[in-house]
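In what follows, every heavy atom counts, from backbone to side chain, and hydrogens, waters and symmetry copies are set aside. Keep in mind that what you see is a predicted model, and the values were worked out from it rather than measured.
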Amino acid sequence: MSEPLELPSGLPPGRLVGRLLVAAPALREPTFARTVVLLLDHGPEGALGVVLNRPMQVEVSVVLPPWQPHVTAPGVLFEGGPVALDSALGLVGVPGDAPEPAGVRRIAGSLALVDLDTEPADVVTALTGVRVFAGYAGWSGGQLEREVDEGSWYVVDGEPRDPFTDAPDDLWRTVLRRQPGDLAYLATYPQEPEHN
């Protein structure tokens, strides 16, 4: 369900961790146009997330060969955002209330981060999905809240499979389509409305 972000003093840290940011159609800046971002951290100092729907044309084996057999289809790196593109971040699913294996840290619900230096064989049997991101998206303190208030992003709940979808190019429309009310209509918003 979408909700506006108000800016009361003392905004609880972590309030948005595990939620999705869906780019509004008006957000045309190429870095974030039609993106879906999973928030991994949120607090007074800022926010950090990864773009879920920007697959790259690079297999994971190019940078992390041991992880290639274990990543969720399509088996490529994803561009997590414009910050630190030379670093990799591993996102995994941990089913139910199962304890986290060594090298895995749960962030919200079934979503967790994995230390990519961990031996994959030691953890993959306990996981339901593995995705590797190059870089991340970051916001300074209050910046994300301002962007939401300006209408650049919709804050919505995600589903456990969203980060591991095998159809990342359709994720923006898919997430919008399942929202209640008028927000669902935005899924049909044309890519280039001036050509409509």
Side-chain angles (χ1 to χ4, degrees), residues 13-23 30-43 45-95 98 100-141 143-144 147 153 155-156 158-169 171-172 175:
R15 176 175 173 222
L16 300 181
V17 172
R19 309 267 322 264
L20 300 179
L21 297 177
V22 180
T31 303
F32 290 111
R34 294 202 174 217
T35 57
V36 177
V37 177
L38 172 67
L39 283 172
L40 304 175
D41 192 22
H42 174 244
E45 294 82 33
L48 179 141
V50 288
V51 175
L52 298 178
N53 59 333
R54 290 278 168 86
M56 300 170 72
Q57 299 299 312
V58 178
E59 289 195 352
V60 171
S61 62
V62 172
V63 292
L64 294 161
W67 285 96
Q68 183 67 53
H70 308 290
V71 293
T72 306
V76 296
L77 287 172
F78 278 66
E79 186 176 331
V83 181
L85 286 169
D86 58 346
S87 65
L89 185 147
L91 184 69
V92 296
V94 180
E100 306 151 355
V104 174
R105 181 176 56 89
R106 196 180 298 262
I107 57 167
S110 63
L111 296 174
L113 295 173
V114 63
D115 178 350
L116 293 169
D117 289 330
T118 301
E119 179 59 42
D122 294 342
V123 296
V124 293
T125 57
L127 306 177
T128 58
V130 177
R131 183 130 299 155
V132 178
F133 298 88
Y136 61 90
W139 293 265
S140 60
Q143 180 184 3
L144 177 59
E147 290 180 14
W153 300 100
V155 181
V156 302
E159 293 185 356
R161 292 302 301 168
D162 287 340
F164 310 107
T165 179
D166 59 0
D169 294 332
L171 189 62
W172 185 82
V175 171

Got a second to check how far T72's OG1 is from L91's CG, nearest 0.5 Å? 9.5 Å
Holding to salt bridge (charged side-chain N to carboxylate O under 4.0 Å, His left out), I want the full list of residues that pass it with E159, two or more places apart in sequence or in another chain. R178
Under a 3.5 Å distance rule, please check whether W67 uses its side chain to pair with a backbone N or O of S61 as donor and acceptor. no
Contact check, side chains of Y136 and P82, non-hydrogen atoms, under 4.5 Å: no
Would you confirm whether Q68, through its side chain, and G75, through its main-chain N or O, come within 3.5 Å as a donor-acceptor pair? yes
Side chains of T128 and S110, heavy atoms from C-beta outward: is any pair under 4.5 Å? no
Under 4.5 Å between any side-chain heavy atoms of L21 and T35, yes or no? no
Taking the side chain as everything from C-beta on, heavy atoms only, tell me whether V71 gets closer than 4.5 Å to F164. no
Within the distance-only criterion (no hydrogens, no angle test), does the side chain of Q143 pair as donor or acceptor with the backbone N or O of S140 below 3.5 angstrom? yes
Give a yes or no on whether R105 atom CZ has more than 12 heavy-atom contacts from other residues, nucleotides or ligands under 6.0 Å away. no
Does the side chain of L77 reach to within under 4.5 Å of the side chain of L64, using non-hydrogen atoms? no
Measuring from H70:NE2 to L127:CG, what's the distance to the nearest 0.5 Å? 10.0 Å
Please answer whether the main-chain N or O of G141 pairs with a side-chain N or O of E45 as donor and acceptor at a distance below 3.5 Å. no
Taken to the nearest 0.5 Å, the spacing of I107 CD1 from D41 CG works out to 9.0 Å
Using 0.5 Å steps for rounding, measure from the CG atom of L20 to the CH2 atom of W172. 14.0 Å
Where do V130 and V92 come nearest, in terms of heavy atoms and distance? CG2-CG1, 4.0 Å
Test your reading of the model: is there a side-chain donor-acceptor pair from R131 to the backbone of L52, 3.5 Å cut-off? no
CG of N53 to CZ of F78, rounded to nearest 0.5 Å, is 8.5 Å
CG on D169 to CZ on R34, rounded to 0.5 Å: 12.5 Å
Does any part of the side chain of M56, heavy atoms only, come nearer than 4.5 Å to the side chain of V76, both counted from C-beta? no
Ignoring hydrogens and angles, tell me if any N or O in the side chain of D162 forms a donor-acceptor pair with the backbone of L171 under 3.5 Å. no
